[in-house]
Each structure stands twice: as C-alpha cells, then as structure tokens.
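Read through the structure below, which is laid out as structure tokens, and then see the notes.
Residue numbering restarts at 1 for every chain, and letters A, B, ... go by the order of the sequence lines. The structure presented is a predicted model; accordingly, all values stated were derived computationally and were not measured. Values below: all heavy atoms of this structure, side chains included; hydrogens, waters and symmetry mates excluded.
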Protein chains: 2
Amino acid sequence: MALKKLGKQTVKFINPPSIISTASIVGPKEGEGPLAKYFDTILGDDLCGQKSYEKAECCIFKDAANLAIEKAGLKKDMLDYMLGGDLLNQIITASFAARDIGVPFFGLYGACSTMSESLSLGSMLIDGGYADYILCITSSHFSSAERQYRFPLELGTQRTPTAQWTVTGSGGAVISTMGNGPYITHVTTGKVIDFGIKDANNMGAAMAPAAADTISQHFKDTGFSTKDYDVIATGDLGSLGMELTDDLLKKEGFNISDIYTDCGVEIFDSKKQDTHAGGSGCGCSAVVFSGYFYEMLKQGKYNRIMLVSTGALLSPTSTQQGESIPGIAHAVTIERMV
Amino acid sequence: MALKKLGKQTVKFINPPSIISTASIVGPKEGEGPLAKYFDTILGDDLCGQKSYEKAECCIFKDAANLAIEKAGLKKDMLDYMLGGDLLNQIITASFAARDIGVPFFGLYGACSTMSESLSLGSMLIDGGYADYILCITSSHFSSAERQYRFPLELGTQRTPTAQWTVTGSGGAVISTMGNGPYITHVTTGKVIDFGIKDANNMGAAMAPAAADTISQHFKDTGFSTKDYDVIATGDLGSLGMELTDDLLKKEGFNISDIYTDCGVEIFDSKKQDTHAGGSGCGCSAVVFSGYFYEMLKQGKYNRIMLVSTGALLSPTSTQQGESIPGIAHAVTIERMV
C-alpha cells in the first residue's frame, strides 16, 4: 500500500474527516475578551460550583464534551473514541472526565499542543477506517495551572512582561466519516525542537522555534504557500512568540505576516485585560478554534486555515534541574470544502 | 468505507503491523529478577551516570530507543513517528528523549497503560497507511516515581504489603509495514473504569476492574476464547490485582486462570526481592514484553498472546482532594504468524 504521506512529516487524507460539531466553554475573563460572542458558554464563576480549581477544570471539560456530543446529534455511546488531555499532572482532568463519559479513551500529552495532536491522531483514526465518530478535546484552567507550574495565587507574585495568562476553558470537536465539513485535510506532525530557552516565564520564545519548524516543514511537504491559506494560527505563543515565529519563518524564506495570527493573541485584549504577552494553555487553541475559527469556516469567511497548537515541554522539576524548555507544534489544515 | 472495527471497542487490522525489533534496558534490581536473561542491557547503576533520577530515566529511554532503532537496521531519520510516554509530570522523559531522537513525536499519557496505548495507536497508523516505521516506547524509574507519587526515598517510609515496586527500565518496539512478525493483529481500547478504590498503595485493586473490563470486551468483540491464546498478560497489577482480575472475569463467565499472568508478577521474585505485590510502572509491561514475550513469540513458544498494559489514573493532587483511583487498560493481540 502506498503511504498517505507527503514529504517527511505530513499526511494527506484520502477521506478527510469532517468536523461535525464543536463546543467551547470559557471562564469569566475569557468571556470579557474580544472573542466572547463565539463561545458556547461563559462561566460566571471559574470554580464552576466545585471545591477546587482542579475539580472545576474537570467539570468544564465534561460539560464541553457533552455539549460537543449533543451538538453533533449523538449519544455518548455512539462515540468510537475520545482523544484528549490537559496540563495537569497525570492529565487528571481528561482522565476523570473520561470516566464519566465512558467511551474508549486515548490520553494524550503534548502540553499546549494537545488540541492539534488530538485532531491529528483522531483524523488518522477516522480516515484509516477505525472510527465513525471521535471526540478530540482539551482544557486548561488559569488557577490550577498557576499553582502547578508557577506560584500559588495567594502569594500574589508579580508577573513578568513576557508571562502569559493560562486560558480557563475547554474546547472540543467531534470529527466523523460523515458530515459536510469543514474537513481536516492535512496534518503535519511536529518534532521536539529546543533553542535553549530556560526562562519558564517566556514560553512564547521557547515554543516559537517549534512552530516555525512545523510550519516551514508543512510548506515543504505539501507545496502549499502562504497564498493557499486564509489564516495560519499558532496555539499560544503570545505576542512575543508570534513575532519570533514570524522572524524565524522569514529567515527560512516564508513570509506569513499577512495571514498570521496566534490564538493567545486573539483571545484577550492584552492591554485592557492585563494579560501581558497573551493567552496560553491547552484550552487556548482549543476554544479559539472550536469557537471562533470553526464559525468563520462554517460561515464561509475562511476557506482554508492552518491550526498549529504549540506546546512547551517542561516541568517544574526539569526547570529546577537546569534543563532548557523544548517545544513542539502540530499543524492541522482545515478546509471549508473538499 | 467499512469500519475495521469488531464490536464496540476492538479493531482488527487488514495489514497487521510487524514488530521488527524490540529493546529493553533495566535497572540492577530488575537484572536480579527471573527474567534477567531476556533483557538487552542491565544497568550497573540506576543513576546511569547522571546527576538525578529524572535525568537517568531520560538516558535509559534514549538508549532503549536508539537500541530498538539499531536492532531494526534503521537510522533515526527513517522513523515516521515516535509514540510514547512515561510517568513523570509533563512526560519529561519521553519529551526530552524525543528532542534528541529528532523524529515526529506524539506524546501519550495512559499511566502504566502507555505501552499498549502506544502499540495500539502506532498499529493504527501503520495499518492505516500513514507510516512505514514507528517506534513505540515507554519508561519508568523506581526512584523518580517514588519521590513524585509517594515519598522521598531518603525518608525510609515503610511500604504496605499491597504496595508495588516501580520498575526501572525502558522498553520499546519498532513496528512496520514490512517484516515477518510477530504481528499486532487486534487492539481493544479501554474505557476508564472506577470501582471506588481510594488507597494509593493498592494500585492493583484500582486497576483490576479496568483490566477485566477490557479483556472481557475483547472476547465479546472478537469471538476469541481463552483457548485462542497461549498467554494473557496484564501490565502491572501485581499479585493482588491479578487475583482480583481473575475473579472479576470468572464472574463475567471467562476463566482465564490457566493462561493468565501479569508482567509485574513475572519481573521480580517478590519474596526474595522484597517487592511486595510485584512490579509496576510504565516500564514494567514495556520491558517484559520487549524482552521476554517478544523472544517467546520469535522462538515459536507462543503463537498468540494478549498484552494488556494497565494504568492507574491518579495524581497526588487528586488523592489529596479525596478522589478515587480510576483505571484503564488497553489490550493488544500479538501473533507469531498471520
């Protein structure tokens, strides 16, 4: 059998999976941002009625999962698989949510790249003939992430200008052999790239080389150029990481400036909302894609976009042991029609 | 296109991937156990010449990856993908190793079920036509796991009789469209199952219901019976979890006692080695499969086995917040010939 691969890192689907529904649930701060009207649910309270932020995040994940399933017109037991993850240790959000959703589950961890990782693997499972319906979903929560990765919120630690604000939210998409688009047509799977950044408060810089590497590889593998895309959206590089990615790609001979944005830049009004370099987290590209970009594709405002969720592969332990922060980025091409 | 699914949770491959090489590296304690002669490398020092146990684990992972690639007669850049994970927060072992190996990487987290999770997804990617060569690999390390999940070793905390001993080791397999077996013919993907166990020192009991659920579902989906298998091996339930799984399956009408074992029971001589209920960890089923079972299949001593790596989906935080411990188990059928 001939491989369905283009070049080194890209797959082109013969039966492109259709994204038949999406769901997005966000916290109050995200609900005050510029994309507010595109989200399905804006929480009034980021504790979601729970006793801890971890339990709250799980609740948001489950609600987003159930909403995506409902909007697809399905029952839970019609799902063949759920693929997803989150940022918390041992991906407890996704695992505990999967317990309640009760379908075969593949847990993923790609830091903030997990949304496009789940769409990538999910698409191969649909196109390959292993499933009719797959839920791809991730989440993050500002308060659970801050205390796990940085400082307890109660400490009131001052944030650096390069710091980003973890998005509270969960976004999911049901992909299927059926439906009439938008379709996932290509995936370009990232390598782990490390330029030696060691500042855990500057994730954008740590992830930018991986984003640039995956995007340029995508162009090389597919023969697409920037003219073939309406938008290229990285996951959560923020304003600094976005600038670096743009520069790195220019050095590679690809000028994407006109069509380039970042989900972390789009989700907040950084100046008004004091989010410094922008949004971040597994939930960032998940809700911006599931809310905003999916709607733009459905409405026909965009015909072809590339979603490039970006992950910083660090742990507090690796940082304490002097390690630098490698990044990874997975690209997914989504087209209105095929 | 007709789905390649059998029943609810099982996939049967049309082009079963061949496991063309495996590699297993273990620590000194594992090297004193009954399976010692089947491992490729037994470390003299579980620090592996590194300054921390986390760095040591990464080193073991990389060495196992390189050895599997070399034994397959490949160069790194011939791999289409690497799929894998480990137990450390943010799967730093796999992520940092992937940085050096430099191939497209999908990070997975299924706790100790990750080895069969990686073989499951990897097989779908091979059979589906997305790759010619995939490395599926996981690791664990006693000392890095103890301090992350339980207590610093320096504290000398007494272990309960139900406790297990995390295997220090890494096992990997290169699967391919080419080669002449053994072959991965079926995968049964597990659901997250929770019987309400809250004792983090009794993981075997927490994971047993998931193992029983996946094994019984596999029989229902495929029509196979215990007569069709030479061995069914769970991942790391240990002696207690194994007994519970056996009992649960009998209640479901499946008596697997004669062909049933557990990688965590096989790897240590519990009485002599003071490992209580047996071995555990992501590396446990990885090295026992890559070392022992792969060799038994190659030699023709077994014709068809089922590997059911089992994961306990907890974090210290979830336990502190009063959550029970859900489990998950993924089954992979491996046959000498197809």
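For the side chain to side chain donor-acceptor pair (under 3.5 Å) test, residues two or more places apart in sequence or in another chain that qualify with A:S285 are A:S309. Listed by chain and number, the residues in a side chain to side chain donor-acceptor pair (under 3.5 Å) with A:Y130 are B:D127 (sequence neighbours excluded).
With contacts defined as side-chain heavy-atom distances shorter than 4.5 Å, the pair A:I328/B:F105 qualifies. Residues B:Q321 and A:K55 form a side-chain contact, since some pair of their non-hydrogen atoms from C-beta on lies under 4.5 Å apart. Side chains of A:E323 and B:R99 form a contact here, defined as non-hydrogen atoms less than 4.5 Å apart.
With a threshold of 4.5 angstrom between heavy atoms, A:D80 approaches chain B through its backbone and through its side chain. Residue contact with chain B, scored on non-hydrogen atoms closer than 4.5 Å, involves the backbone and the side chain of A:A98 alike. Of the atoms belonging to B:I101, not a single heavy atom falls under 4.5 Å from chain A. With a 4.5 angstrom heavy-atom cutoff, A:T114 does not touch chain B via any of its atoms. Looking at B:A131, only its backbone comes within 4.5 Å of chain A, counting heavy atoms on both sides. Within the 4.5 angstrom heavy-atom criterion, only backbone atoms of B:V103 (N, CA, C, O) approach chain A.
For residues 142-150 of chain B, a heavy-atom distance under 4.5 Å to chain A picks out B:R147, B:Q148, B:Y149, given by residue number. Using a 4.5 Å cut-off between non-hydrogen atoms, no part of residues 207-221 of chain A approaches chain B.
The two atoms that bring B:P104 and A:Q9 nearest to each other are CG-CG, 3.5 Å, heavy atoms only. Between A:F106 and B:T189, the shortest heavy-atom distance links the atoms CZ-OG1, 3.3 Å.
Heavy-atom pairs under 4.5 Å with chain B were tallied for A:G110, A:P316, A:P326; the largest tally goes to A:P326. When A:L125, A:I193, A:I14 are compared by the number of non-hydrogen pairs under 4.5 Å with chain B, A:L125 comes out ahead. Counting heavy-atom pairs closer than 4.5 Å to chain B, the top-ranked of the candidates A:L121, A:T317, A:I91 is A:L121.
Side-chain polar atoms of B:N89 and A:Q90 form a donor-acceptor pair below 3.5 angstrom.
Between the side chain of B:E117 and the main chain of A:G107, a donor-acceptor pair closer than 3.5 Å is present. The backbone N or O of A:D77 lies less than 3.5 Å from a partner atom in the side chain of B:K8, making a donor-acceptor pair. Panel note: side chain B:K5, backbone A:D132; no donor-acceptor pair is recorded below 3.5 Å.
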TODO: Would you please test B:E54 and A:Q320 for side-chain contact (heavy atoms from CB on, under 4.5 Å) and show each step?
DONE: CA-CA 11 Å; B:E54 290 76 16; A:Q320 283 161 13; over 6 Å; no
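One distance of note links OG of A:S315 with CD1 of B:I92; it measures 3.5 Å at 0.5 Å rounding.
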